Amino acid sequence: MKTFTATPADIDKKWIIIDAEGVVLGRLASIVAMRLRGKHKPSFTPHMDMGDNVIVINADKVQLTGKKRTDKNHYWHTGYPGGIKSRSAGQILEGAHPERLVTMAVKRMLPGNRLSRKQMTNLRVYAGAEHPHEAQAPEVLDVKSMNAKNTRSA
């Protein structure tokens, strides 16, 4: 039996919409990362961009377990001496761009190579419930009902 390897003609990309309201961040990110890579498909090929286009809405209402909202810090450096800066996850969620928390969680669950950077372009994250992708007729993926642990009540 020969091993199946997908070609560009075999790739079938779908549009999927996920509502992040009340969903635990890490569990959401792992499901989105799996969908972006295409690992949910039987024709998965590691070196091809086989994943779906994923739209995440209500990213500002994502849940964090334990004390991560206050204690988990995200660091970056400005490039100047002594220029290390940090923000807590709660500050990012309450700030101007809360969707960045979801984007970075998904990005860090993908391998660090050229292909994953290409796959990240198939992810769209929106803080509110509105998105400009109605024309693509996305299918709804209910992450809350997949597992009872995927949701937390505030």
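Nothing fancy with the numbering, it's 1 onward along the sequence. All heavy atoms count here, side chains included; hydrogens, waters and symmetry mates do not. Please read all numbers here as calculations on a predicted model, not as lab measurements.
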Taking only distance into account, with no hydrogens and no angle test, what donor-acceptor pairs under 3.5 Å do side-chain atoms of residues 75-89 form with protein atoms, sequence neighbours excluded?
from: His77; atom 1: ND1; to: Gly79; atom 2: N; distance (Å): 2.9
from: His77; atom 1: NE2; to: Tyr80; atom 2: O; distance (Å): 3.4
from: Thr78; atom 1: OG1; to: Tyr80; atom 2: N; distance (Å): 3.3
from: Thr78; atom 1: OG1; to: Gly83; atom 2: O; distance (Å): 3.4
from: Ser88; atom 1: OG; to: Gln91; atom 2: N; distance (Å): 3.2

Q | Minimum heavy-atom distance Ala6-Asp10, with the two atoms named | A | CA-OD2, 3.7 Å

Q. Is there a path of hydrophobic side-chain contacts, each under 4.5 Å between heavy atoms of I, L, V, M, F, W or Y residues, that connects Ile57 with Leu25?
A. no

Q. To the nearest 0.5 Å, how far apart are CE in Met146 and OG1 in Thr151?
A. 13.0 Å

Q: Give a yes or no on whether the backbone of Asn150 and the side-chain of Asn147 come within a donor-acceptor separation of less than 3.5 Å.
A: no

Q: Step by step, work out the salt bridge (Lys or Arg N to Asp or Glu O under 4.0 Å) result for Lys13 and Asp49.
A: CA-CA 9 Å; Lys13 287 182 167 282; Asp49 182 11; 3.3 Å; yes

Q: Evaluate the side-chain proximity of Pro111 to Arg37: yes if any heavy-atom separation is below 4.5 Å, no if none is.
A: yes

Q) Should the pair Asp52-Lys41 be classified as a salt bridge under the 4.0 Å nitrogen-to-oxygen rule? A) yes

Q.
In the structure I gave you, are the side-chain heavy atoms of Ile16 and Ile18 within less than 4.5 Å of one another anywhere?
A. yes

(Q) Any heavy-atom pair between the side chains of Val106 and Val54 that's under 4.5 Å? (A) no

Q) Nearest heavy-atom pair of Gly95 and Pro98: which atoms, and what distance? A) O-CD, 3.7 Å

Q) What salt bridge (charged side-chain N to carboxylate O under 4.0 Å, His left out) pairs are there with at least one residue in residues 119-140, not counting sequence neighbours? A) none

Q | Linked, directly or transitively: Val56 and Leu141 (ILVMFWY side chains, under 4.5 Å) | A | yes

Q) Does one side chain, of Lys118 or Thr121, offer a donor that lies under 3.5 Å from an acceptor on the other? A) no

Q) Can you list the steps and then say if Val24 with Leu64 is a side-chain contact (heavy atoms from CB on, under 4.5 Å)? A) CA-CA 6 Å; Val24 176; Leu64 295 162; over 6 Å; no

Q: Supply the atom-to-atom distance Met104 CE to Ile92 CD1, rounded to the nearest 0.5 angstrom.
A: 9.0 Å

Q) Are side-chain heavy atoms of Thr45 and Met50 found at a separation under 4.5 Å? A) yes

Q: Output, in order, the C-alpha distance, side-chain angles, deciding distance and verdict of side-chain contact (heavy atoms from CB on, under 4.5 Å) for Val23 and Asn58.
A: CA-CA 10 Å; Val23 179; Asn58 291 322; over 6 Å; no

Q.
Ignoring hydrogens, what is the shortest heavy-atom contact between Leu115 and Pro46? Give both atom names and the distance.
A. CD2-O, 3.2 Å

Q | Arg69 versus Val62, closest heavy-atom pair with distance | A | NH2-O, 3.5 Å

Q. If you count the non-hydrogen atoms of other residues, nucleotides and ligands that lie under 6.0 Å from NZ in Lys144, is the total more than 12?
A. yes

Q: Side-chain contact test, heavy atoms from C-beta onward, threshold under 4.5 Å: evaluate it for Asp60 versus Glu99 and give yes or no.
A: no

**Q.** Which atom of Arg35 lies closest to which atom of His40, heavy atoms considered
**A.** NH1-CD2, 3.3 Å

Q.
Are Tyr126 and His133 packed together at the side-chain level, in the sense that at least one heavy-atom pair is separated by less than 4.5 angstrom?
A. yes

**Q.** Residue pair Arg27 / Lys149, side-chain heavy-atom distance below 4.5 Å
**A.** yes

Q) Quick one: NE2 on His131 to CD1 on Ile17, what's the gap to the nearest 0.5 Å? A) 3.0 Å

Q. What distance separates Ile55 CD1 from Asp19 CG, expressed to the nearest 0.5 Å?
A. 12.0 Å

Q: Supply the atom-to-atom distance Lys107 NZ to Thr103 OG1, rounded to the nearest 0.5 angstrom.
A: 9.5 Å

Q | Joint cluster assignment, Val140 & Trp15, ILVMFWY side-chain distance < 4.5 Å | A | yes

Q | Heavy-atom pair with the smallest gap, counting every atom of Val102 and Ala59 | A | CG2-CB, 3.9 Å

Q.
Working to the nearest 0.5 angstrom, can you tell me the gap between Lys61 NZ and Glu21 CD?
A. 5.0 Å

